[in-house]
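In this chain, numbering begins with 1 at the start of the sequence shown. The shown structure was predicted, so the numbers you read here are calculated from the model rather than taken from an experiment.
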Amino acid sequence: MAILPQNFSLLTDLYQLTMAYGYWKEKREEEEATFHLFYRKPPFGGSYALTAGLQQAVEFIQNFHLSETELSYLRGLRGNDGQPLFEEAFLTYLADLRFEGNLWAMPEGSLVFPHEPILRIEGRLPICQLLETPLLNIINFQTLIATKASRIKQAAGEQAVLEFGLRRAQGMDGGLSASRAAYIGGCSATSNVLAGQFFGIPVKGTHAHSWVMSYEDEAESFEAYARAMPNNSILLVDTYDTLEGIRKAIGVGKKLESEGYAFGGVRLDSGDLVRLSIAAREMLDAAGLPEAAVVASNDLDEFRIQALKAHGAKIDVWGVGTRLATAYDQPALGGVYKLGAIRTPGEAWRYKLKLSEQEIKISNPGRLMVKRYQVKGQWVGDVIYDEALGMNGKPEGIPAEAEAQDVLVPVLQAGEVVFPFPKLADIQARAKEALQGLPVRMKSLTAPASSPVSLAPSLAEKKSILVKEARGQRVSQPY
């Protein structure tokens with residue numbers, strides 16, 4: 001029996017289905033809703049996140065349908081009284097349910113700051129509700145990993161970062177999604193061959209310690225590997241004595257060079273990476289192999305890479321696995337999906353917000369957009385505004401010469417794709433350009449400056465009115 005389903009449309013929480021059922025029972029299935037997907041706190045103690053996952057999210061939305069297989073399963077669910085959880089007429093309704101609404105989104109590889117909508121989705125209330133969990137699942141994880149990769153790449157600078165995290169990733173899809181998002185964030189390649197096939201990401205890898213251990217002699221293992229793959233010869237040198245392993249690898253490398261092949265270099269996976277990388281570089285250079293790379297792995301992240309470089313490590317390529325693919329120090333982004341507005345078709349939108357005793361958890365009402373201001377490609381500020389209420393002029397603190405553009409773009413209209421999805425390499429280039437335009441003070445790996453994101457005055461006033469109303473205070477309603 002196959003474990004994975006062919007149709008992932010039930011990849012949702014049960015309460016999304018029970019709410020959809022409730023809307024249907026109350027004859028509210030034709031109501032239209034606006035939801036926003038956003039996060040409240042930047043991950044990893046930083047100032048930003050880097051968006052990823054949009055293409056998979058759109059594919060999920062467009063492929064959403066419940067066939068008889070899924071409906072049969074739902075038909076078998078029971079309530080506390082032992083009776084069917086859903087009545088048959090609702091299952092018939094679900095069989096025909098498709099997303100026919102609109103989606104605006106920040107393109108993948110965009111900078112996004114707290115409370116800014118990564119997605120804004122509008123459509124019939126039940127279908128928008130059913131999409132909450134899968135959209136959060138897709139966008140949260142890939143955005144988290146892309147952000148982590150961008151930080152690691154920032155620490156590495158011009159040196160290449162390879163993503164090696166598949167064996168420690170959270171399941172098969174976690175591994176695939178992590179490889180894709182890590183590439184968007186700046187990794188040059190992945191060890192994940194399936195990700196290479198699916199997404200066109202360059203794949204890299206040589207051999208493990210087991211290759212060396214399968215031979216009686218380390219030098220023999222290196223020679224055998226070089227014979228088998230002379231054009232892919234980076235040799236892992238720390239199975240036994242690392243410095244001796246480097247010497248043996250150099251001997252093999254010299255032979256490869258004499259046969260017309262470029263020797264790839266050596267990989268260090270344990271020990272004092274500062275001392276050993278310096279020694280490896282000196283030995284390779286002395287042997288006339290200055291182009292051979294020193295590759296390092298072993299539980300690396302942005303902080304360790306930064307520290308190794310600060311202490312003079314001579315490492316050319318960084319292989320980063322567990323701490324990237326699992327977002328080891330913060331395993332969840334914490335993105336949320338909140339209702340911003342609702343209406344009966346043909347009537348005016350009614351703005352909605354979530355109230356909380358915690359200021360950070362009070363959501364922004366309306367149908368939101370984000371205006372981004374830049375001066376000669378350098379980011380200077382964002383403003384969240386409501387589409388109907390508008391901007392009310394340029395906000396305070398934004399230079400007069402700043403140019404503005406809306407960050408959210410139309411992706412789906414009436415359920416159809418209107419956005420030309422770029423190649424993954426172009427998304428990576430977009431992310432690189434966006435990060436280059438972010439002030440240095442906001443890219444600090446520790447204690448970065450916060451992002452100057454504000455609400456448009458019209459939206460701030462509207463929000464204030466709704467908060468007071470929600471708390472039972474009478475106000476004069478100007479809108």
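- Atom CG of Asn80 has 12 or fewer neighbouring heavy atoms from other residues, nucleotides or ligands inside a 6.0 Å radius.
- Counting all heavy atoms, side chain and backbone alike, Leu339 lies closest to Ala33 at CD1-CB, 3.8 Å.
- Heavy-atom contacts from other residues, nucleotides or ligands closer than 6.0 Å to CD of Glu359 number 12 or fewer.
- Of all heavy-atom pairs between Val161 and Ala156, the closest is CG2-CB, 3.5 Å.
- The side-chain heavy atoms of Phe164 and Val320, taken from C-beta on, include no pair separated by under 4.5 Å.
- Ion pair Arg98/Asp96 not flagged as a salt bridge, since none of the NZ, NE, NH1 or NH2 atoms sits closer than 4.0 Å to an Asp/Glu carboxylate oxygen.
- Taken to the nearest 0.5 Å, the CD1 atom of Ile152 stands 10.0 Å off from the CG atom of Leu445.
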Evaluate Phe86 against Tyr21 for ring pair (Phe, Tyr, Trp, His ring centres under 6.0 Å), listing each step before the verdict. CA-CA 7 Å; Phe86 305 114; Tyr21 181 53; 5.4 Å; yes
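- Residues Arg151 and Phe303 are in side-chain contact: their nearest non-hydrogen atoms beyond the backbone lie under 4.5 Å apart.
- The main-chain N or O of Gly390 is found under 3.5 Å from a side-chain atom of Ser458 such that the two form a donor-acceptor pair.
- Cation-pi geometry between Lys338 and Phe38 is not met at under 6.0 angstrom from the ring centre and within 45 degrees of the axis.
- Within 6.0 Å of atom CD in Glu433, 12 or fewer heavy atoms from other residues, nucleotides or ligands are found, so the atom counts as exposed in its surroundings.
- Between Ile184 and Ala431 the shortest heavy-atom distance is O-CB, 3.5 Å.
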Residues Phe199, Tyr183; criterion side-chain contact (heavy atoms from CB on, under 4.5 Å); working and verdict: CA-CA 10 Å; Phe199 307 125; Tyr183 186 73; over 6 Å; no
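- With contacts defined as side-chain heavy-atom distances shorter than 4.5 Å, the pair Thr12/Leu17 qualifies.
- Contact detail for Tyr328 and Pro331: the closest heavy-atom pair is O-CD, 4.4 Å.
- The aromatic ring centres of Tyr337 and Phe35 sit less than 6.0 Å apart.
- Side chain to side chain, Gln142 and Arg180 meet the donor-acceptor criterion of an N or O pair below 3.5 Å.
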Without placing hydrogens or testing angles, list every side-chain donor-acceptor pair under 3.5 Å for residues 400-413, not counting sequence neighbours.
{"residue": "Asp406", "atom": "OD1", "partner": "Lys371", "partner atom": "NZ", "Å": "3.4"}
{"residue": "Asp406", "atom": "OD1", "partner": "Tyr385", "partner atom": "OH", "Å": "2.7"}
{"residue": "Asp406", "atom": "OD2", "partner": "Tyr385", "partner atom": "OH", "Å": "3.3"}

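- The structure places CD1 of Ile465 at 11.5 Å from OH of Tyr351, a figure rounded to the nearest 0.5 Å.
- Residues Thr34 and Ile121 are not in side-chain contact: their nearest non-hydrogen atoms beyond the backbone lie 4.5 Å or more apart.
- Here Arg124 does not pair with Glu100 in a salt bridge; the nearest charged N to carboxylate O distance is not below 4.0 Å.
- Glu461 and Ser464 share no side-chain donor-acceptor pair at under 3.5 Å.
- Between the side chain of Asp386 and the backbone N or O of Gly366, no donor-acceptor pair lies under 3.5 Å.
- Residue Glu396 qualifies as open at atom CD: its count of foreign heavy atoms under 6.0 Å is 12 or below.
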Let me see the working for Val58 and Val417 under side-chain contact (heavy atoms from CB on, under 4.5 Å), right down to the final yes or no. CA-CA 8 Å; Val58 170; Val417 175; 4.0 Å; yes
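- A donor-acceptor contact shorter than 3.5 Å is absent between the side chain of Ser451 and the backbone of Val453.
- With Asn7 contributing its side chain and His65 its backbone, the two residues share a donor-acceptor pair below 3.5 Å.
- The backbone N or O of Ala182 sits nowhere less than 3.5 Å from a side-chain atom of Lys153 that would complete a donor-acceptor pair.
- With respect to Arg120 and Glu122, a salt bridge is recorded, a charged nitrogen being found less than 4.0 Å from a carboxylate O.
- Judged purely by atom type and a 3.5 angstrom limit, Tyr48 has no side-chain atom pairing as donor or acceptor with the backbone of Pro114.
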Below 3.5 Å, can you tabulate the donor-acceptor pairs from side chains in residues 125-141 to any protein atom, sequence neighbours excluded?
{"residue": "Gln129", "atom": "OE1", "partner": "Tyr23", "partner atom": "OH", "Å": "2.9"}
{"residue": "Gln129", "atom": "NE2", "partner": "Gln16", "partner atom": "OE1", "Å": "3.1"}
{"residue": "Gln129", "atom": "NE2", "partner": "Glu132", "partner atom": "OE1", "Å": "3.0"}
{"residue": "Glu132", "atom": "OE1", "partner": "Gln16", "partner atom": "NE2", "Å": "3.0"}
{"residue": "Thr133", "atom": "OG1", "partner": "Asp13", "partner atom": "OD2", "Å": "2.8"}
{"residue": "Thr133", "atom": "OG1", "partner": "Gln16", "partner atom": "NE2", "Å": "3.0"}
{"residue": "Asn140", "atom": "OD1", "partner": "Gly335", "partner atom": "N", "Å": "3.1"}
{"residue": "Asn140", "atom": "ND2", "partner": "Leu136", "partner atom": "O", "Å": "3.4"}

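- Note that NZ of Lys463 and CG of Leu389 are 13.5 Å apart. Values are rounded to the nearest 0.5 Å.
- The two residues Glu302 and Ala155 make their nearest non-hydrogen contact at O-CB, 3.4 Å.
- With a 4.5 Å cut-off on side-chain heavy atoms, Ile234 and Val317 do not count as touching.
- Of the charged side-chain nitrogens involved, none lies within less than 4.0 Å of a carboxylate oxygen, so that Lys204 and Glu163 do not count as a salt-bridged pair.
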Please evaluate residues Arg323 and Asp329 with respect to the criterion side-chain contact (heavy atoms from CB on, under 4.5 Å), reporting the C-alpha separation (whole Å), side-chain torsions for both, the decisive distance (0.1 Å), and the verdict. CA-CA 7 Å; Arg323 293 178 182 273; Asp329 47 340; 5.9 Å; no
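- For Ser444, the side-chain contact (heavy atoms from CB on, under 4.5 Å) partners at least two apart in sequence or on another chain are Thr446, Pro448.
- Between the side chain of Lys432 and the backbone N or O of Gly186, no donor-acceptor pair lies under 3.5 Å.
- Atom CZ of Arg167 has 12 or fewer heavy atoms from other residues, nucleotides or ligands within 6.0 Å.
- For Lys354, the NZ atom counts as densely surrounded, since its 6.0 Å shell holds more than 12 non-hydrogen atoms of other residues, nucleotides or ligands.
- At least one side-chain heavy atom of Glu116 sits under 4.5 Å from a side-chain heavy atom of Val370.
- No side-chain donor-acceptor contact under 3.5 Å links Thr206 and Arg267.
- Phe421 places none of its side-chain heavy atoms less than 4.5 Å from the side chain of Ile427.
- The number of heavy-atom neighbours closer than 6.0 Å to CZ of Phe419, taken from other residues, nucleotides and ligands shown, is above 12.
- Here the straight-line distance linking atom CD of Glu347 with atom CD of Glu31 works out to 9.0 Å at 0.5 Å rounding.
- Side chain of Gln330 to backbone of Ala332: a donor-acceptor contact under 3.5 angstrom is found.
- In this structure, the separation between CG on Leu71 and OH on Tyr93 is 13.0 Å, given to the nearest 0.5 Å.
- Remark: the backbone N or O of Gly53 is paired with a side-chain donor or acceptor of Glu108 at under 3.5 angstrom.
- Contact annotation: the side chain of Glu70 approaches that of Leu10 to within less than 4.5 Å [non-hydrogen atoms, C-beta and beyond].
- Between the side chain of Ser9 and the main chain of Leu66, no donor-acceptor pair closer than 3.5 Å is present.
- If you take CZ on Arg40 and NE2 on His115, they are separated by 7.5 Å, rounding to the nearest 0.5 Å.
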Output, in order, the C-alpha distance, side-chain angles, deciding distance and verdict of ring pair (Phe, Tyr, Trp, His ring centres under 6.0 Å) for Phe113 and Trp379. CA-CA 12 Å; Phe113 304 105; Trp379 183 88; 4.6 Å; yes
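- Under 4.0 Å is where a charged nitrogen must lie from a carboxylate oxygen, and between Glu87 and Lys25 at least one such pair does.
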